[in-house]
Amino acid sequence: MFATHLESAIDEARLEAGRPQTMHGGRPLWVRYDLGAVQRAVRPGDLATRVNSMWRYRELLPLPASAEPVTLGEGMSPILPCPRLGKELGLSRLFIKDEGQLPTGSFKSRGMAAAVSMARHFGIKRLAVPTAGNAGGALAAYGARAGMEVFVFMPDDTPIINQIEAYLCGAKVYLVNGLINDCGKIVREGIDKLGWFDMSTLKEPYRLEGKKTMGLEIAEQLGWRLPGVILYPTGGGTGLIGMWKAFDELTKLGWLTSSKLPKLVSCQSDGCAPIVRAFEKGERFAELFANAKTVASGLRVPAAVGDFMMLDAIRASQGWAVAGREDSIVPWMRRVASAEGIAICPETAVCFDVLERLIREGKIGRDDEIIVFNTGAAQKYPEAVTLELPRIDKNKPIDYAAFA
Ligand SMILES: *Cc1c(COP(=O)(O)O)cnc(C)c1O
């Protein structure tokens, strides 16, 4: 066990790691490790022969070595070159890291694998989560895998696939006539009455650790260096914050061959862009984004408890927070999948609109090495796309000339 303690992200207070913890002063906790001991225990080259999942980074994860992880094989998603799309955009080195290939079809599996493993380690049996969609599906799956009871609260217009996946995994699923923060309030107020553990984004410290593995993985996959720019669709922020934490730990471990860190680009939809607003105003904390509305359900987070952690990371990386246009989402989904065969989620479509804008503004250059995260599979969002496909009557003569 290399995790030594938890540290408040707002005031650096030290908390004990050996028992369940939630927040401190209403703000999230970091998991801290004895990196010197990690350094002595493992070298980067040792990892190559290990299990092909995020659990290969075991020394940098909070689960004690004696405990078995709750796993569905999450991690090691491919970094796919996108030469055709890159050429269209005038870029020579464009890649997509495809998290849509993970169990439950999104990167949320990484966080829930770590958090549910820790919950089981602590003997917790009943979990609850407010969700914009994918986190509920992932918690239901990992909860089922661990034999736990799971309660999921989601807005009543959450994509139907998220409702179905949570239901099929045996979770108790409830639809709320509000947004994720309204669902969060219900979970919070039920803690005492129902004795469940709150698995909300950044309210327990371990989902972040699971998501951190995206950053570890990029470094290993690129031969222990990092790309120039990372575009990430941000809602609650664990993906972005987790990767920045990974880069910090890798730097301290001395595992990176170059000290140059990527610029982080936080991408939101103009239908819900609280972090972009705070970034533009130079603020460290974001204000509630009123009337949040976007088909990119993972980005429909009007207020994030880790806002300052996101904004600190974006600024430290010399990156940007930028909003993509809501009405460009479906065209980008089609354009990217048509060019490269990678079915990107609406959240990632927003990143491509942001990418095009940053190229136009000269902030991203032609030869920059760029990784765009596809955080989920397009197949989970049937509501996003309205189809009018031509029909064929099998009983009538076929007009083959019309196909050309
Ligand atoms: C949750 C989610 C996001 C946002 O991730 P955060 O870590 O909450 O910022 C982006 N894309 C998809 C597909 C998601 O499910």
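As the structure is a computational prediction, the values presented were derived from the model and not from experiment. Both ligands and their constituent atoms are indexed starting at 1 by order of listing. All values below were derived from every heavy atom in this structure, side-chain atoms included, with hydrogens, water molecules and symmetry-related copies excluded.
- A donor atom on one side chain and an acceptor atom on the other are not found under 3.5 Å apart for Ser77 and Gln101.
- Here Arg300 pairs with Asp157 in a salt bridge; the nearest charged N to carboxylate O distance falls below 4.0 Å.
- Scanning the protein for heavy atoms near atom 5 (O) of ligand 1, the closest one is Phe107 CZ, 3.2 Å.
- Contact atoms of ligand 1 toward Gly298: 2 (C), 3 (C), 4 (C) (distance under 4.0 Å to a heavy atom of the residue).
- When each atom of ligand 1 is checked for a heavy atom of Tyr381 under 4.0 Å away, the hits are 13 (C).
- Proximity of Phe373 to ligand 1, defined as any heavy-atom pair under 4.0 Å, is not found for any part of the residue.
- For atom 8 (O) of ligand 1, the closest heavy atom belonging to the protein is Gly236 N, 2.9 Å.
- Taking the charged nitrogens against the carboxylate oxygens, Arg325 and Asp270 have no contact shorter than 4.0 Å, which rules out a salt bridge.
- In this structure, atom 6 (P) of ligand 1 lies nearest to the protein heavy atom Gly237 N, 3.3 Å.
- Near Asn134, meaning under 4.0 Å from one of its heavy atoms, ligand 1 places the atoms 13 (C), 14 (C), 15 (O).
- Thr375 OG1, 3.3 Å is the protein heavy atom nearest to atom 12 (C) of ligand 1.
- Lys108 NZ, 3.5 Å is the protein heavy atom nearest to atom 3 (C) of ligand 1.
- Within the 4.0 Å heavy-atom shell around ligand 1 one does not find Thr201.
- The proximity of Thr238 to ligand 1, defined as any non-hydrogen pair under 4.0 Å, involves the side chain as well as the backbone.
- In this structure, the side chains of Leu63 and Trp55 come closer than 4.5 Å at one or more pairs of heavy atoms.
- Using a 4.0 Å cut-off between charged side-chain N and carboxylate O, Glu283 and Lys281 make no salt bridge.
- Remark: ligand 1 and Cys345 share no N or O pair separated by less than 3.5 Å (distance only, no angle test).
- Residue contact check: Thr234 has heavy atoms under 4.0 Å from atoms 9 (O) of ligand 1.
- The distance between the ring centers of Phe197 and Phe151 does not fall below 6.0 angstrom.
- Phe153 and Tyr174 have parallel rings, their planes meeting at less than 30° on a 0 to 90° scale where 60° marks the start of perpendicular.
- The environment of CZ in Arg334 is sparse: at most 12 heavy-atom neighbours from other residues, nucleotides or ligands sit within 6.0 Å.
- Close N/O approach between Glu347 and ligand 1 is not found [any backbone or side-chain N/O within under 3.5 Å].
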Task: CA sep, side-chain torsions, deciding dist, call: Phe285, Phe308, ring-ring contact (aromatic ring centres under 6.0 Å, His included) - done: CA-CA 5 Å; Phe285 298 94; Phe308 66 106; 5.5 Å; yes
